Undergrad: 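Pasting in a structure now, in C-alpha cells, and then I'll have a few things to ask.
Atoms within each ligand, like the ligands themselves, are counted from 1 in listed order. The figures that follow rest on heavy atoms only: side chains count, while hydrogens, waters and symmetry mates do not. Everything numeric here is computed off the predicted structure, so don't read it as measured data.
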Amino acid sequence: MCGIVALVGSREASPILLEGLKKLEYRGYDSAGLATISTKGSSDRGFITCKKAKGKLVNLLNLLSKDGAPGNIGIGHTRWATHGKPEVRNAHPHLDSSDQVAVVQNGIIENYTLLREKLQKQGIRFVSDTDTEVIPHLISEALTRLKQEGVASKGEMLFLAVREVLNLLQGSYALAVIWTETPDVLIVAKNKAPLLIGFTQGEFLCASDSTAFAGFTKTVLPLEDKELALLTPLGVEIYDSEGKRQYRKPSLIVGSEKNIDKGQFRHFMLKEIYEQPETAEQWIARFLPDKLPTSSPIAFPFKDSLYDSIEAVQILACGTSRHAAMVGAYLLEQFSGLPSTVFFASEFRYAPPPLAPNILTIGVTQSGETADTLAALMMESERRSTLKDDLFSSRVLGITNRIESSLARQVTNIIDIGAGLEVGVAATKTFLGQLLAFYGLAIMIAARNKNRSIQEINDICEELKLVPNYLRDLINNHNKLTEKLAYQFVNTKDVIFLGRGINYPIALEAALKLKEISYIHAEGLPAGEMKHGPIALLDHKVPVISIATHGVVFEKVLSNAQEAKARNACLIGIAPESAETQIFDHLLPIPKVSEWISPLLTVIPLQLLSYHIAAQRGLDVDQPRNLAKSVTVE
Ligand code: M6R
C-alpha cells in the first residue's frame, strides 16, 4: 500500500528518498513520485521540483536521471490507487494551485468530496481524482489567512496551517508537507496510518515503515495518532492535536539490518518458501526448548492473567492471517477445548457479536499494520472498557512478524513470529510462523487447563520439533515436482481446492495464493460442501486439488475426491503415499504425520505449485497487480 518517505537534512534529498522508496516497494504500488525544494538563486524562498511516474520506481528514476530534483528537503511516495486510476496526474505529491505547497499522503480522507466541492466553489481547479489533493489546497488557503493575521515565523505558520487542516479531515492519514517559503521545514502527521521518524545527526527521515531506514539509521520514533511533528535540520518537535508539545525518546530498531535481496532465487516468494525450515527451527528454539515444565510447555512470556478463566477465544484477522487463525481456532477448540471463533476483522468492526465475559481476543497480522485488524482490536477494547472489563487489556494478544509495528504498540501481549522481513506480497513464511504461534498457544492452554494428558502434550511437542526437517525435505522434493506439474495448468481458468477439518483453512489459503499471484480463479471448499453446488462447475478443464491426510476425515475427503473424478476433473492429491491415494492423477506426497501438525506440511506443495504456475505465466510474482503487502486503509 502507499509508502511515504520524507527527508530534511543537509544532503541532496532525492537519492535518499528514492532509496527509501525502493525499500518500501514491497508494500505494493502502481505509481511513484517525489518533490523537493531548492533555494538556489534565491535567499529564503525556494521552488518545488515535482516528478511523478506511472508504474515501477524505475520510471521515476529515469525521469530524475534526466532533469534531477535539487534540494536538501523532499517528500516521496509510492501510490496504491484508491481514489482515481494509477495515472501520473493521480500520483503523489499533490500541489496547491500556485505550486508552493506539496503533500504526500497514505490513507483515505473520507470527507474529501465535501471539501473538494467547497474548494471548487471558491474557484480551485483540481487536476487529480484523488482524495489527497484537497489537502495542499486547504493548507495554501490557511497559509494565506495566517499571513494576513501576521503569525510570527513562517515555520510556525506552516505548522498552524497543517494543524488547522488536519482538524477538517475525517478518516485515516499519514502525510508529509513542504512549503516553498520554509525550505528547511518538514511537517508530518498521522492518524490511523503508520508513520515513523528516523534520527541521525542533522538529518531526519520519515517513513511508513521501518524497512525504509535500513542503511540510514536504527534510531526511530513512531508518531502516535493525531500527532504532528515539525522537523528541521536542527531537530524534531512533536505536538498533539491541541498543539501541546510531546516529549518521547526514540528507540532502537531491534534485529539485524539484513539486506533485502533475492540471493540465488528468481523471486522473493520462492526464497521465502525456502526459508520456512529456518522459521520453524528458530521458533522451536525460542518457544519449545527442552525441559520446560509439563504444566507450562511453551516459553511464552505472558502473565497468568492471559490464560486464567478464559472461556472462549475470538480471533480477528484478514487474508492469509485469517486462514492461520482458522487453523488456530480448530486447534484451540479441538485440542485445547476452548470455543473459538474467527472473524474477518473488516466485518467485526461493524457487526461484533454481543459482549460475553472471559474472552481472549487475538489479533493476527503479519505486517502489524492492517487497518481493519487494528481498528477491530481498538473497537473491541473501547466497547469492553465501557463495560468496565478491566481484564481486557491483559486478555488481548497480538500475533505479528513486525515487532516495531502499530499492533505491537497497541497490544501488550505479543507473539513475535520472528520470520524475518517478508518481501513477496504473497505471505508464505509468515503464514507458517502464525500457524506455529497458534500451536504454541493451543498447547499451552491445553496443558494449563489439563484438557490433554501429559503424554498427548509431549507427543505434539516432539512432533513439532521434527517439522523443520520435514519442511526441508518437502521443499527440496516438491520444488521440481510442482514446477513440472505447473506446466499443465498455465492456461487453466479455474481451480478448486478441497480440504476438511484442520486442513480446510489450507484449502482456502491455497486458493488465495493461486488467485493473488497467478490471477487464476480459485476456490477453497470444505470437501463435503462440493456436492451442495460447486460440483456444477466441474469438467475436464477444472483441476481439483484435494488435501487428504490421515485422521478423522481421511476417507471422507477421498470419497469427495472420487466425486470430482467421476466428473472428469483432473485430480491432484496432497496426501501421504498409500494404496488409497492412488486415486489421484497426480500425487504431491507428504509424510505420514499426525493430523494435528499436518497443516504445517500440506501448505508447502500448494505454495510451490501456485508459485510455479504464476512464474510460468510470466507474472510479477512478488508484486502482483493491485495488491499491497501492508493494507493500511480500510
Ligand atoms: O499483514 P496482514 O497479515 O494483516 O495482512 C493481511 C492480508 O492483507 C494478507 O494476508 C494478504 O491476504 C496477503 N497478500 C496474503 O498472501
Side-chain angles (χ1 to χ4, degrees), residues 1-3 24 26-29 80 192-194 208-211 267-270 272-273 276 315-328 342-349 362-378 397-408 410-411 414-417 419-438 497 505-506 508-519 522 524 603 606-608 610-611 614 619-634:
M1 201 135 280
C2 301
L24 295 184
Y26 81 102
R27 292 164 65 93
Y29 68 104
W80 184 84
K192 298 183 198 147
S208 304
D209 80 49
S210 60
T211 46
H267 294 104
F268 279 107
M269 182 179 175
L270 188 61
E272 286 154 4
I273 291 174
Q276 292 178 105
I315 316 176
L316 318 176
C318 307
T320 287
S321 296
R322 196 180 71 89
H323 299 150
M326 289 172 75
V327 175
V342 180
F343 293 90
F344 289 101
S346 53
E347 290 297 310
F348 185 91
R349 294 177 69 171
I362 306 178
V364 192
T365 156
Q366 80 78 21
S367 63
E369 300 295 352
T370 297
D372 282 319
T373 308
L374 296 180
L377 281 169
M378 184 61 80
L397 172 68
I399 299 178
T400 186
N401 192 37
R402 304 298 296 274
I403 197 62
E404 72 295 345
S405 64
S406 302
L407 178 83
Q410 190 173 317
V411 170
I414 287 286
I415 300 180
D416 168 17
I417 60 175
L421 183 69
E422 187 175 67
V423 176
V425 162
T428 51
K429 62 175 179 174
T430 55
F431 177 68
L432 187 94
Q434 291 168 338
L435 290 182
L436 286 166
F438 277 111
F497 291 90
I506 301 300
L508 292 177
E509 173 58 9
L512 178 65
K513 228 60 324 158
L514 186 65
K515 272 187 274 210
E516 344 185 59
I517 58 171
S518 74
Y519 318 148
V603 72
L606 295 166
Q607 291 173 343
L608 283 165
S610 295
Y611 167 75
L619 298 170
D620 187 349
V621 174
D622 289 330
Q623 286 172 18
R625 69 181 180 203
N626 306 336
L627 294 185
K629 185 74 185 163
S630 224
V631 185
T632 51
V633 294
E634 184 170 358

Undergrad: If you apply the rule side-chain hydrogen bond (donor to acceptor under 3.5 Å, both in side chains), what do you find for Thr428 with Gln607, and how did you get there?
TA: CA-CA 7 Å; Thr428 51; Gln607 291 173 343; 5.1 Å; no
Undergrad: For ligand 1, find out whether one of its N or O atoms is nearer than 3.5 Å to an N or O atom of Thr365.
TA: yes
Undergrad: Is the contact between Glu369 and ligand 1 made by the side chain, the backbone, both, or neither, using heavy atoms and a 4.0 Å cut-off?
TA: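 Answer for Glu369: neither.
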Undergrad: Considering only heavy atoms, does Thr320 approach ligand 1 within less than 4.0 Å through its side chain, its backbone, both, or neither?
TA: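 Within the 4.0 Å criterion, Thr320 contacts ligand 1 through backbone and side-chain atoms alike.
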Undergrad: Based purely on interatomic distance, does Val631 place a nitrogen or oxygen under 3.5 Å from a nitrogen or oxygen of ligand 1?
TA: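 N/O-N/O distance under 3.5 Å: no.
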Undergrad: Measure the spacing between NE2 of His267 and CD1 of Ile273 and express it to the nearest 0.5 Å.
TA: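 Here the rounded value is 11.0 Å.
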Undergrad: Could you tell me, atom by atom, which parts of ligand 1 come under 4.0 Å of a heavy atom of Lys513?
TA: 15 (C), 16 (O)
Undergrad: What I'd like to find out is whether the side chain of Ile315 reaches to under 4.5 Å of the side chain of Phe438, using heavy atoms alone.
TA: yes
Undergrad: Taking side-chain contact (heavy atoms from CB on, under 4.5 Å) as the criterion, tell me which of Ser630, Ser367, Ser406, Ser210 meets it with Pro194.
TA: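 For Pro194, the side-chain contact (heavy atoms from CB on, under 4.5 Å) check succeeds only for Ser406.
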Undergrad: When you compare the side chain of Phe431 with that of Val603, does any pair of heavy atoms fall below 4.5 Å?
TA: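 The answer is yes; the side chains approach within 4.5 Å.
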Undergrad: So which heavy atom in the protein is nearest atom 6 (C) of ligand 1, and how far is it from that ligand atom?
TA: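 Sorting protein heavy atoms by distance from atom 6 (C) of ligand 1 puts Cys318 O, 3.4 Å first.
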Undergrad: Any idea which protein heavy atom is nearest atom 3 (O) of ligand 1, and the distance to it?
TA: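 Looking at atom 3 (O) of ligand 1, the protein heavy atom closest to it is Ser321 OG, 2.5 Å.
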Undergrad: Tell me, which protein residue and heavy-atom name are nearest atom 4 (O) of ligand 1, and how many Å apart are they?
TA: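 Atom 4 (O) of ligand 1 sits closest to the protein heavy atom Thr370 OG1, 2.4 Å.
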Undergrad: Counting non-hydrogen protein atoms only, what is the nearest one to atom 16 (O) of ligand 1? Give residue, atom name and distance.
TA: Glu516 OE2, 2.4 Å
Undergrad: Considering distance alone, does some N or O of Leu512 sit under 3.5 Å from an N or O of ligand 1?
TA: no
Undergrad: Report yes if some N/O of Lys629 lies less than 3.5 Å from some N/O of ligand 1; otherwise report no.
TA: no
Undergrad: To the nearest 0.5 Å, what is the distance between CG on Leu436 and OG1 on Thr430?
TA: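 With rounding to 0.5 Å, CG (Leu436) is 11.5 Å from OG1 (Thr430).
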Undergrad: Main chain of Val631, side chain of Thr370: is a donor-acceptor contact present, judged purely on distance under 3.5 Å?
TA: no
Undergrad: In this structure, does ligand 1 have an atom that sits under 4.0 Å from one of the heavy atoms of Leu627?
TA: no
Undergrad: Please give me the minimum heavy-atom distance between Glu272 and Val423, naming the atom from each residue.
TA: OE2-N, 2.6 Å
Undergrad: Take Asp620 and Arg625, measure what salt bridge (charged side-chain N to carboxylate O under 4.0 Å, His left out) needs, and give me the verdict at the end.
TA: CA-CA 8 Å; Asp620 187 349; Arg625 69 181 180 203; over 6 Å; no
Undergrad: Could you tell me which atoms of ligand 1, counted from 1 in the order shown, lie closer than 4.0 angstrom to a heavy atom of Ala427?
TA: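 Per the distance check, 15 (C), 16 (O).
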Undergrad: Sub-3.5 Å donor-acceptor pair from the side chain of Ser405 to the main-chain atoms of Arg402, do we have one?
TA: yes
Undergrad: At the 4.0 Å heavy-atom cut-off, does Val425 count as touching ligand 1?
TA: yes
Undergrad: Using a strict 4.0 Å cut-off to heavy atoms of Ser367, name the atoms of ligand 1 that fall inside it.
TA: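 That gives atoms 1 (O), 2 (P) of ligand 1.
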Undergrad: Heavy-atom contacts with Ala426 under 4.0 Å: which atoms of ligand 1 show up? List them by number with element.
TA: 16 (O)
